[in-house]
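Worksheet: the structure to be examined is printed underneath.
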Amino acid sequence: MSEKPYGVQFRDLEFTYSGETLPVLKCLNCNFPKNKLNLLLGPSGCGKSTAMYMLNGIIPHAIQGVYQGSIYLDGENITGKRPQELSGKVGFVFQDPESQFCTFTVEDEIAFGLENINTPPQKISQRISDSLAMVGLKNSEKLIINNLSGGEKQKVALAAVLAMEPDTIILDEPTANLDPASTCEVFLLLEKLVKEQGKTLIVIEHKLDGFLDKTDYIVVMDQNGVVRLEGGLNSVLPRLLFDPDFDSLKVFLPEHLLIIRNIYSKLSECQAIRDLRKEELAEVGGDNLNHHGYGLDFGVKTLKRTATALGIEQLPVLGHSRRTAKPLLVLESVGFSYQKAGAGKLFGGGLKKSASRDILDDIDLTINEGDFAAILGPNGAGKSTLLNLIFQIETSYRGKITLGGKDIRTLKRQKLYQHLGLVFQNPEWQFVTNDVEQELLYSLRNLELSDQQKNKKVQEMLRTFHLEDEKGQSPFLLSQGQKRRLSVAAMLLTGQKMLFLDEPTYGQDYQNQLELMELMKNLNQNGITIVLVTHDMSLVADYVDTVHLLLDGKIGFSGTPEQLFADDDLVEEGRLLRPVTWELSRKLAEHFPGFRPLISKEKIIKVFSEPA
Amino acid sequence: MFTYDDRDSYLKDTNPVIKLFLIIGITILVSLSFFPVVPLVTIIVIVLGLMILGRFQLSEIIYLARYFIFICLSFMVFLLVTRGLVGPGAYKLAFLHFQYNDFIYAFSLGLRIMVLALLSLAFVLTTDPNDLVLSMMLQLKLPHVHGYAALAAYRFIPTFSREVQKIQLAQTIRGVKDEKGIANKLKRPFKLFLPLLSTAIRRGERVSMAMESRALGAYPTRTFYRKTSIKKKDLVFLIGAVIVFAAIVIILIKFNLFRFNFGFTS
């Protein structure tokens, strides 16, 4: 085993968090080769982070529990060493850029680790500039960390780790809080660190578009913390896509590959697909780390092949299933400007000091009953202000806002909130009691119902949102997913027919985003109108049927997402980034004349798996 | 309003520990006299110090201290009114009766509070938190693990204030603001506190993991890339301040304006 070029080896690792009975990891065995970009894949809660905490010693030293098995780093047994001892060998970059710094300036932050290992001050300065150069932030020693963008912060975090010269660096969802442009930069940087500096990287990542192709080696874990697949990209990926044995394995992949995987598993009974699968798998080369790429072209090629095998010559054009357009929330000629300096508040947080400029200027907007709508727009376009008006936090606006035909100015706030719900980035913000059941009862306290009736409603909600077993618990001690469900349940108790979500995905891990959005989809199918206020185009692609683009305080566009993304001017003006699915279906359209580009994964899957 | 203002100045470059010593000294000095002249003169010295050595303009100082000024003035008025209601006294204003000592009492207490507020303001405005922690570790021998923990906590303050706004809004929409009854109104701050605490604990855990994985506490000693030390300049500042205050005390004693007294009654 020792001659294999493995950097990190896990042998029979087991761990049970103290206070819990079930182990997170049972007999984990896998390897991460040296000088490679390794990707660790697996569903949320499968123990990926736990394994990484064990590798760098946070477990069992900062987080206690029952620990078994051994870890080797370049042949040396490092099991149970303290993170401090390992800091020169294994570096760790965390998900949230805000909570891994302890100083104020870039140079102090990078110096921090070096000082801890008694590096002479004369040497520190050189190491700071070297590590900043590596992450592409030359000459930024004196900058204040709080003023940097999210992407820059993650680069500083990486530089701070690099300065300690570890050969192995773990990155746990490093791009979860970053915008697409910064995400792309971080991925490029990771590739460079492996190629130019010979580092061994182990990355946990769910946003794989543009990243998967850069990885060399993949380890895939299942829900139970067992390694199901391990090897070079060329051997693991085809099996994930085409091997029926892995159909049921939950795994994140780039959007275009998810589409392929879904089509194949949907049509698993079809003989043509079975033959194709065999063919694809026959081509799988051994454990070869050099690969050809699984980008969009691979996606188009595979989909074309699939279409040919299925005898599809023309892809169906999906019509829009428009519901009856019954207006629910209507804004008529609404305008607003902040009166005095510093008056900007609540949504958006920042102070808006330009006194007389109109933040919103003549907004006409209609949200229909049953819509799954999104309000999009660049920073500063007035999205937050618009929410402030709809929720009557700001009341000094021009024009008229009606809900179900009623002017909301005539409604008391309490009454208004019985019809409108708002889901925040962080579900904890809205909790006002220390008991799940009380939390729901709180929403009903102003209704004229008997205690028995209230109780009945609450029990129903607990059932609907799978929170019955948690009813006596503190909302703050629930899992992320449960907190989310509770916060939504509390917002729907008074029979709200309309729910707003304010940047729902920011800072949430991927699994939680997915759960929330699936929940919203479900609610929407049950007749609740959903409005997202967001930057996240992948949400728009997969869930939204109507978009409203805010540009300079006006509605610049209202229509379907497909219409929006087809318009180059609007995309540029709104500083929007087209979703990957759009590019994919544009490329498909080159091969299938008459095919109208789609952006939802579900719809693309549908045109292949249910043609005509 | 109450945060470090990064501008190069003599006060900024002065070792924070020296500034702390001076603050303690001035606080003791002011509490030794129960007569408004000492705190009044001290206020003038602090403001002049902030203007000359800290490069702040008078208008800026007044703006930054506006809430303190308001609080001190209302406190003085409140004390005067409560004293005046009790009566009797030589000075009359409507139904209030004052003695000479009532004014001394109100102004002394009010101005003392103003001195403390201004001292803290001056310290916070001119002290880089990083320098403060460094000097606590290097000059006062605070263990470095504690020093960096404090610094990491300080980093969260701006995030917290953003979070408070968000929580307030979320709870408004839940209807917390519309709750009736005094008991409910009194409970409101606690409702804010719980979500805030919960995120704070989680952040704290994450930051401590990040710091440990960068070797905090690996060795009993550590090196310092940037150092604070007590330089000649700091001593000059300290001695200068002592001379200024000594002179003030001597002059005030000479004109019988110091009136040495610990007590709160006269």
Side-chain angles (χ1 to χ4, degrees), chain A residues 53 56-58 61-62 82-88 90-92 94 96 98-105 107-108 111-121 124-125 146 160-161 164 345-347 349 391 393 413-414 417 422 424-426 428-432 434 442-443 445-446 476 490, chain B residues 4 6 128-130 133 144 148-149 151-156 158-159 161-163 165-179 187-188 191-192 194-199 202-219 221-227:
Chain A
Y53 290 158
N56 109 313
I58 288 175
H61 295 284
R82 291 167 65 216
Q84 288 93 332
E85 289 173 78
L86 290 169
S87 58
V90 182
F92 207 122
F94 295 82
D96 178 8
E98 302 297 332
S99 39
Q100 51 187 315
F101 299 127
C102 54
T103 65
F104 293 86
T105 63
E107 62 172 348
D108 284 343
F112 171 77
L114 297 169
E115 294 168 330
N116 288 333
I117 50 170
N118 286 313
T119 312
I124 292 181
S125 157
N146 280 348
V161 165
M164 305 189 69
K345 61 178 172 183
L346 301 173
F347 286 111
F391 279 84
I393 303 295
R413 266 207 225 154
Q414 253 182 50
Y417 300 155
L422 178 62
F424 291 85
Q425 278 167 29
N426 182 349
E428 288 183 355
W429 290 342
Q430 65 165 62
F431 294 155
V432 289
N434 207 14
Y442 189 90
S443 299
R445 75 200 181 294
N446 289 321
F476 297 96
Chain B
Y4 167 55
D6 189 17
D128 183 340
N130 210 41
V133 171
H144 59 255
Y148 277 99
L151 202 56
Y154 187 87
R155 275 191 54 87
F156 286 145
T159 327
S161 61
R162 267 199 305 273
E163 206 130 281
Q165 287 189 333
K166 293 282 191 181
I167 296 171
Q168 275 174 334
L169 174 70
Q171 299 196 339
T172 304
I173 289 177
R174 290 300 308 281
V176 172
K177 267 198 186 160
D178 302 319
E179 279 182 23
K187 271 193 226 156
R188 221 185 277 165
K191 290 193 170 139
L192 192 72
L194 215 51
L196 203 57
L197 185 73
S198 152
T199 26
R202 220 170 312 120
R203 279 226 180 86
E205 276 174 358
R206 283 205 295 258
V207 131
S208 76
M209 290 193 320
M211 283 158 70
E212 279 186 32
S213 60
R214 280 197 286 142
L216 179 65
Y219 304 99
T221 59
R222 82 196 289 278
T223 51
F224 288 90
Y225 175 58
R226 253 189 337 130
K227 272 187 187 159

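Here the structure is a predicted model, which is why all the values come from computation and not from measurement. Chain letters run A, B, ... following the sequence lines, proteins first, then strands; residues in each count from 1.
- Ranking B:L196, B:L192, B:T221, B:L197 against chain A, the residue ahead of the rest is B:T221, based on heavy-atom pairs under 4.5 Å.
- Heavy-atom pairs under 4.5 Å with chain A were tallied for B:S161, B:A218, B:P195; the largest tally goes to B:P195.
- In this structure, chain B has heavy atoms under 4.5 Å from both the backbone and the side chain of A:Q414.
- If you measure heavy-atom distances from A:L86 to chain B, you find no contacts under 4.5 Å at all.
- Put simply, of B:E205, B:K187, B:E163, B:R188, the one with the most heavy-atom pairs under 4.5 Å next to chain A is B:E163.
- Proximity to chain B (any heavy atom under 4.5 Å) is restricted, for A:I58, to the side chain, taken from C-beta onward.
- A:T105 does not touch chain B: none of its heavy atoms, backbone or side chain, sits under 4.5 Å away.
- Looking at A:N56, the atoms closer than 4.5 Å to chain B (heavy atoms on both sides) all sit in the side chain, from C-beta outward.
- For a residue to count as touching a neighbouring chain, one of its non-hydrogen atoms must lie under 4.5 Å from one of that chain's; by this rule A:F94 touches chain B with the side chain only.
- Counting only heavy atoms from C-beta outward, the side chains of A:N146 and B:R155 approach each other to under 4.5 Å.
- Looking at B:R202, only its side chain comes within 4.5 Å of chain A, counting heavy atoms on both sides.
- Of the listed residues A:F104, A:F112, A:Y53, A:F92, the one with more heavy-atom pairs under 4.5 angstrom with chain B than any other is A:F112.
- In this structure, chain B has a heavy atom under 4.5 Å from the side chain of A:Y417, while its backbone stays farther away.
- Of the two parts of A:F101, the backbone and the side chain both hold a non-hydrogen atom closer than 4.5 Å to a non-hydrogen atom of chain B.
- Interface remark: A:D96 contributes side-chain atoms only to the contact with chain B (heavy atom separation under 4.5 Å).
- Considering every non-hydrogen atom in both B:Y225 and A:P121, the closest pair reads CD1-O, 3.9 Å.
- Atoms SG and CG, on A:C102 and B:N130 in that order, are 9.0 Å from each other to the nearest 0.5 Å.
- Contact annotation for B:T172: both backbone and side-chain heavy atoms come within less than 4.5 Å of a heavy atom of chain A.
- Considering only heavy-atom pairs separated by less than 4.5 Å from chain B, the leading option among A:A111, A:G91, A:P83 is A:P83.
- Taking 4.5 Å as the limit, every side-chain heavy atom of A:W429 sits out of range of all side-chain heavy atoms of B:R174.
- With a 4.5 angstrom heavy-atom cutoff, B:T199 touches chain A via backbone and side-chain atoms both.
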